[in-house]
Each structure stands twice: as C-alpha cells, then as structure tokens.
Number of protein chains: 2
Amino acid sequence: MNTVTRPGLRERKKQRTRDALLRAALELFTTQGYEHTTVDEITEAVDVSQRTFFRYFAGKEDAAFAVQDLAHTRFAVAVRERPLDETPLEALRNAVLKDWDTIAEAVEQVVPIDLYLRMCRLTESTPALLAAHLRRSDEAGEEVARIIAEREGLDVDTDPRPRVAVAVFAGVIRVTERRWGLSEDLGATETRALTVRYLDAMGPVLAEKWRTG
Amino acid sequence: MNTVTRPGLRERKKQRTRDALLRAALELFTTQGYEHTTVDEITEAVDVSQRTFFRYFAGKEDAAFAVQDLAHTRFAVAVRERPLDETPLEALRNAVLKDWDTIAEAVEQVVPIDLYLRMCRLTESTPALLAAHLRRSDEAGEEVARIIAEREGLDVDTDPRPRVAVAVFAGVIRVTERRWGLSEDLGATETRALTVRYLDAMGPVLAEKWRTG
DNA sequence: AGGTTAGTGACAGTCACTGACAATTGACAA
DNA sequence: TTGTCAATTGTCAGTGACTGTCACTAACCT
C-alpha cells in the first residue's frame, strides 16, 4: 500500500539477480583477469543458468562496462545542465569537474567503488576491454557533441566544431585516464587535479613552442 | 644466383598464402559483412585449413587491420622524419599530409586500394571493428607521443604535453575519419582538404566564442 | 641422397553466444 | 483461493572463434 507504487516482487527479484551477476562478474574479472573468467564461473557464483546471464547482459563485455555506462550517461546530463554562457570547452571542463564530486555515491548504489576502480585499471591493461572502452567513449562523445551543437544552435552534420571540440576534450581525458590507470599510487583527488591541469594546459600546448633553447 | 639473396621458395610460398588469405578476407568482409563472414569461408576460398589462417593472423580482427597497421607504421615514420624546427603539431600535421600522397601506392602493393577503402568504411559501421580500430589508433598514438617527446627532448612519463598534443591531434583525425567513413560521396582529395581545414581550425575552436549573438 | 626443420592438415577441445522449447513462478481476475 | 496469463528461467542443441597436439610433407642444408 505505497503511495509510490513500489516495484512488484518480480521486478525486485530481477534487480537482485542483475546486481548479483554484475558484482560477481566484476569481482571475478578483477581477481582472475577478464579473459580467464568464464561466463560459467560467473553464473555458478550466483547460481543461475548461463542463459540467464545473457538475458541480462549482451555479453561478457557488457557486464564489464555496466558501471562505466552509468558514468557516461551522467556526464552527458552534466553537460546539458551547464549554463549557456559558458563556452563549449568551459562547459565540458566544468561538467567533468562537477560530476566528479558526486559520481562516487552514484556508483556505490550499484557496486562498491573500490571494485569499480579496480575494474577501470583492469580495462587499461586488457586489450579487449580497452578496445570496448574506447568505442563506448567514442559513442558517448558523439552524444555530447550533439548536446554541444544544440547548445550553440548549430547543425552537428554541417559544422565540424562541436565534434572537434569534443574530440579534443576526449583526447585530454584519455591521457589522464591512461595515466591514472597505469600508475599504482595515484588517488582520485590527485587525478582530479591532474585533469584540471591538463585541460588548462591544453590551450598553450597548441600554440607555444616547447623548447626553451 | 642473386647478389641480393632472394627469399627462398619456402618464404615466397608463405608470402603468397598470406596475401591470398588477406585478400580473400577483405573481399568477403566487404561484400558479406564482417560478422557474417566465417574463418572457414575465408580458408575455403584460399583452399587451406582453418588452422593455417590462425598461423598467419592472430584472429579475424587481425586480418581486417593488416593494411591499417601498415598506414600507422608509415605515419610514425613520417613524423620521425619531420624537420626539428617544426612545432609538434606542425610536425604531426605535415606528416599526415605528406604521407597522404604516397600511401596509396604503398597499400596497392598488398591489396587493391579500392578494397582497402571499402574496408575502412566497413570499420566505421561495424562496432567490433570500430572498437578494434580505436584501440589500435590509441596504440599508434602512444608510439607517436614517444617520438614527439624524443624530438623535443622530453620525458613522456613526466611531461604530459606530448601525449596531450597527440591526443588532440588524433581527435581531429578521428572526426574526419568518421565523416569520410559515413558519407557516400566524399573522395580522397576532398577528405584531405577537410583534414587540413579541421586541423587549421583547431586553434580557434579552443579559444573563440562560437555564438555570434 | 639423407637428415633436419618449417609449414601444414586433421582432430579434438574450450568458450562465447544464440535459438527453441519446456518448466516455473509472480501477477491478476473470477 | 484458485485458475489463467505472461514473464522469467532452465535445458538442450548448435554455431563459430580460437588453441593445443601430433603426424605428415616439402623445402632446406650438408
């Protein structure tokens, strides 16, 4: 008798199964490695049939990126919410930074953050995962480019600037991603600072001569 | 009796097999689609065992990108050959443009250019291939970043600028790639011009306000 | 010519993923 | 409460990518 109709038992059960599968998958991936984890191992850990796994996730890869997708979606929303007086790159910059502070709790709703972070690192060192990650980022970038174009009242298929701006921005993000993913000792706070530094350094990099001689 | 020891019969036979497999693979991929082409179909077309295919290529994917890898390698060389008085981004820009004019014949040595171009378009519309392509590009970018760092006498692990510059540059290239891959009517010449335009527009994009209002 | 070695084919096995159908279980009305 | 409907799941069979192994053949070397 909830005023807000609570999802029925069926719905709740489904959610539990999905969560359990997701958590088991990430746990196994991060401890044994992605390639060395079979779907059977995941389903055995949750005690469902293999077929069920594929009903919840399009494939192994899809499970690996369920959380990452959440982050991408949130970022797109954050960009859409930026005030219109910011330039495109300002909007992108401020969107990441604002999102950064609240992303942790959003992730925690689904899986322990620690698990997510370990998964991110694994992505960087697993070719198959890195490939999938880059493609998903590319996709997310496309969406953001459309948002930027809309903000600026431009046609994304005529004017290249939205896509160029997003591509440039994504490139910088990728650098910090890599840096963070491969270094053992680099906390979230330091990485955030690094991101700011790189983004702010971007302008000069393009014009300046680097050599002091 | 060659002064330059010509590769033996064994070596030549191997090369022929590899070429035949590669050509058959690309031909089938581009006509039937990547996913709908089985390795068995490829090997049947060349009349070798399936096992042989996997001795020449690490997988289906590897065959699909054999030519693309050639292009990446050439680009890296082109960057290395740029005069030292060019700024990093100038060097990158001029390397693509210079390479552009000679890449065609280099490709033709291995497979018909037309086949290569069709393969590129297919990559853009096949998620699995796009993912693989982006990862390989990322890898190539890492190599180029090291070359740039060396040119400038910097340590790539300390100074982020080489990677940032390459990431930014790669982002722009990606935009033209996409544009070319998805439009039916866009020749190589027009695409080259587009690349120049985007690259040259990059600086302004980062600083300027876009809205005229 | 005869021994060595690289390249190949044949075969068996693993694993991701899919389609089809039957069994189960929550939802909902009589 | 009970029976019906529909959603979820399990089972089974099959495809296709990829790997290890081993015997065989053909090029290479002396």
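Below, chain A is the first sequence line, B the second, and so on; all start at residue 1.
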Check side-chain hydrogen bond (donor to acceptor under 3.5 Å, both in side chains) between B:His133 and all other residues, then give those that pass, not counting sequence neighbours.
B:Gln68, B:Glu177

Partner set under salt bridge (charged side-chain N to carboxylate O under 4.0 Å, His left out) for [X], not counting sequence neighbours:
X: B:Glu105; value: none
X: A:Glu11; value: A:Lys14
X: B:Asp40; value: none
X: B:Asp101; value: B:Arg192

Could you encode protein contacts along nucleotides 11-18 of chain D as a string, one character per nucleotide from 5' to 3', using B for base contact, S for sugar-phosphate-only contact and - for no contact, with a heavy-atom cut-off of under 4.0 Å?
B----SSB

For a quick check, with a 4.0 angstrom heavy-atom cut-off, what is the B/S/- contact string for nucleotides 24-30 of chain D, read 5' to 3'?
--BBS--

Please, which pairs that meet side-chain hydrogen bond (donor to acceptor under 3.5 Å, both in side chains) have at least one residue in residues 22-31 of chain B, sequence neighbours excluded?
B:Thr30-B:Arg118

For a 4.0 angstrom threshold against heavy atoms of chain A, report the outermost contacting nucleotides of DNA chain C in 5' to 3' order.
C:dC15 to C:dA27

Residues two or more places apart in sequence or in another chain: which of them pass ring pair (Phe, Tyr, Trp, His ring centres under 6.0 Å) with A:Phe54?
none

For A:Tyr116, enumerate each residue passing the ring pair (Phe, Tyr, Trp, His ring centres under 6.0 Å) test, keeping only those at least two apart in sequence or located in another chain.
none

Grab the NZ-P distance between A:Lys14 and D:dG10 for me, whole Å please.
14 Å

B:Glu90-B:Asn94 side chain donor-acceptor pair, cut-off 3.5 Å:
no

Heavy atoms under 4.0 Å, any strand shown: does B:Tyr56 hit a base, just sugar-phosphate, or nothing?
sugar-phosphate

Quick one: ring pair (Phe, Tyr, Trp, His ring centres under 6.0 Å) pairs with a partner in residues 22-46 of chain A, sequence neighbours left out?
A:Phe29-A:Tyr34

